[in-house]
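Please read all numbers here as calculations on a predicted model, not as lab measurements. Note on naming: letters A, B, ... go to the chains in the order of the sequence lines (proteins, then strands), and numbering restarts at 1 for each one.
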2 protein chains.
Amino acid sequence: MISDLKPYVERLRSSGLRPTKQRLSICKVLFDRKATFHFTIDQLKKKIEKSRKSKISLATVYNTVHAFKNNGYLKEISLRGNKTFFDTNVTSHYHFYDYETGELMDIKNEEIIVNKLPLAPKGKKIKDVEIIVRVANNNHNQKK
Amino acid sequence: MISDLKPYVERLRSSGLRPTKQRLSICKVLFDRKATFHFTIDQLKKKIEKSRKSKISLATVYNTVHAFKNNGYLKEISLRGNKTFFDTNVTSHYHFYDYETGELMDIKNEEIIVNKLPLAPKGKKIKDVEIIVRVANNNHNQKK
DNA sequence: ATTTAGTTTAGAACAATTATAAATTAGAAA
DNA sequence: TTTCTAATTTATAATTGTTCTAAACTAAAT
Ligand SMILES: [Mn+2]
Ligand SMILES: [Mn+2]
Ligand SMILES: [Zn+2]
Ligand SMILES: [Zn+2]
């Protein structure tokens with residue numbers, strides 16, 4: 001009740017959601033930051049529970065994240081594996097992915113120049129281009 | 001026992017696997033084709049069971065697919081969602097992904113030209129660059 | 001033929017996600 | 001304020017995809 005919650009209240013309202021205590025906790029973790037936050041649901045849930053010092057229901061986290069995603073406040077990232085990753089950076093950009101550590105890092109749009117793209121298949125339209133630059137530690141001679 | 005199974009036997013042996021009936025069934029579905037096959041495990045299992053007209057254990061499909069992936073005969077594709085997609089095309093290439101139909105299509109390496117890539121983060125090395133061009137039907141005004 | 005290590009299998013276990021339905025709460029209305 | 005209602009939270013169940021297990025089976029070496 002101290003800090004400025006207005007922007008979160010608006011963000012929630014514009015997503016068709018009431019500004020509850022739980023949702024405001026989620027907003028603080030997601031949007032009160034300068035750098036991009038890439039996360040899985042369980043990582044987010046842990047951060048929320050640390051910051052508010054009380055539990056939050058897993059269903060609430062899922063529901064709110066999905067609402068934000070559907071309203072363009074979060075993006076989902078294409079990655080191998082069976083966990084879903086989300087991104088607070090909703091501008092058009094690309095990623096480094098260190099598959100050894102699981103760490104994602106933004107690559108600004110202008111840092112990759114794509115000079116040629118194929119035409120979309122007949123009757124289809126290109127919606128977006130995702131680029132994942134997979135990286136790993138220099139020294140080790142790891143497979144795949 | 002009629003068709004030429006030698007190449008599959010070799011592929012299995014070189015993956016450290018004995019050529020069993022089940023594994024040869026899997027090989028026929030995976031490798032006896034001209035065009036790329038993009039699949040999930042359950043799609044593959046259904047095709048195998050249609051082609052051999054008897055059931056195959058899910059564990060055998062998983063095990064064999066993983067062995068082939070680890071030995072470079074299959075690739076895993078980065079995609080949103082919680083199902084894992086595999087690819088019989090192990091050459092370097094990119095993809096169209098129609099997220100309305102779930103359909104994946106190859107884009108040849110030379111059809112996309114990347115003219116600028118950022119340096120890998122300090123101490124890390126670029127292992128590969130995945131590009132997914134997400135497409136959807138022209139007409140509909142679908143969200144996301 | 002015998003032996004043995006590798007394989008298949010059904011089912012259990014596990015992990016991520018989604019669904020359910022009862023208790024709680026936000027916020028409008030009185 | 002208090003009352004009322006629909007929205008929300010929650011614990012838990014259900015569902016889905018994947019991995020593990022251990023007993024039955026089989027390839028292939030001896
Ligand atoms: Mn995936
Ligand atoms: Mn994913
Ligand atoms: Zn990002
Ligand atoms: Zn492909």
- Message: side-chain hydrogen bond (donor to acceptor under 3.5 Å, both in side chains), that's the test. Do A:His93 and A:Asp87 meet it? Break it down for me.
- Response: CA-CA 11 Å; A:His93 68 287; A:Asp87 191 339; 2.9 Å; yes

Spacing between [X] atom [atom1] and [N] atom [atom2], to the nearest angstrom:
X       : N      : atom1 : atom2 : answer
A:Asn63 : C:dA16 : CG    : P     : 18 Å
B:Phe85 : D:dT16 : CZ    : P     : 16 Å
A:Asn70 : C:dT18 : CG    : C1'   : 14 Å
A:Leu17 : D:dT8  : CG    : P     : 6 Å
A:Asn82 : D:dT16 : CG    : C1'   : 11 Å

When the side chains of residues 115-123 of chain B are checked against the rest of the protein, which donor-acceptor pairs come out under 3.5 Å, sequence neighbours left out?
| from | atom 1 | to | atom 2 | distance (Å) |
| --- | --- | --- | --- | --- |
| B:Lys116 | NZ | A:Glu110 | O | 3.2 |

- Under the 3.5 angstrom rule, does the side chain of A:Glu100 hit a backbone N or O of A:Asn137 as a donor-acceptor pair? yes

Phosphate oxygens OP1/OP2 of [N]: is one of them under 4.0 Å from a side-chain N or O of [X]?
X       : N      : value
A:Arg23 : D:dA7  : no
A:His66 : C:dT17 : no
B:Tyr62 : D:dT19 : no

- With A:Lys108 as the cation and A:Tyr94 as the aromatic partner, state whether NZ or CZ is under 6.0 Å from the six-membered ring centre and within 45° of the axis. no

- Query: Taking the six-membered ring for Trp, are A:Phe68 and A:Phe31 parallel (under 30°), tilted (30 to 60°) or perpendicular (over 60°)?
  - Reply: perpendicular

- Item | Candidate nucleotides D:dT10, D:dT19, C:dA16, ranked by approach to the side chain of A:Gln22 - the nearest | D:dT10

- Query: Which parts of residues 38-61 of chain B get close to DNA chain D, meaning a heavy atom less than 4.0 angstrom away?
  - Reply: B:Leu58, B:Ala59

Do any side-chain atoms of residues 10-19 of chain B form donor-acceptor pairs under 3.5 angstrom with protein atoms, and if so which ones, sequence neighbours left out?
| from | atom 1 | to | atom 2 | distance (Å) |
| --- | --- | --- | --- | --- |
| B:Ser14 | OG | B:Arg11 | O | 3.2 |
| B:Ser14 | OG | B:Tyr73 | OH | 2.7 |
| B:Ser15 | OG | B:Arg11 | O | 2.9 |

- Check each of B:Lys75, B:His95, B:Gln43 against B:His38 using the side-chain hydrogen bond (donor to acceptor under 3.5 Å, both in side chains) test, and report the only one that passes. B:His95

- Check side-chain hydrogen bond (donor to acceptor under 3.5 Å, both in side chains) between A:Glu103 and all other residues, then give those that pass, not counting sequence neighbours. B:Lys124

- Item | side-chain hydrogen bond (donor to acceptor under 3.5 Å, both in side chains) involving A:Ser92 - partner list, sequence neighbours excluded | A:Asn109

- Message: How would you summarise protein contacts on nucleotides 22-30 of chain C per nucleotide, using B for base, S for sugar-phosphate only and - for none, with heavy-atom distances below 4.0 Å?
- Response: ----BS---

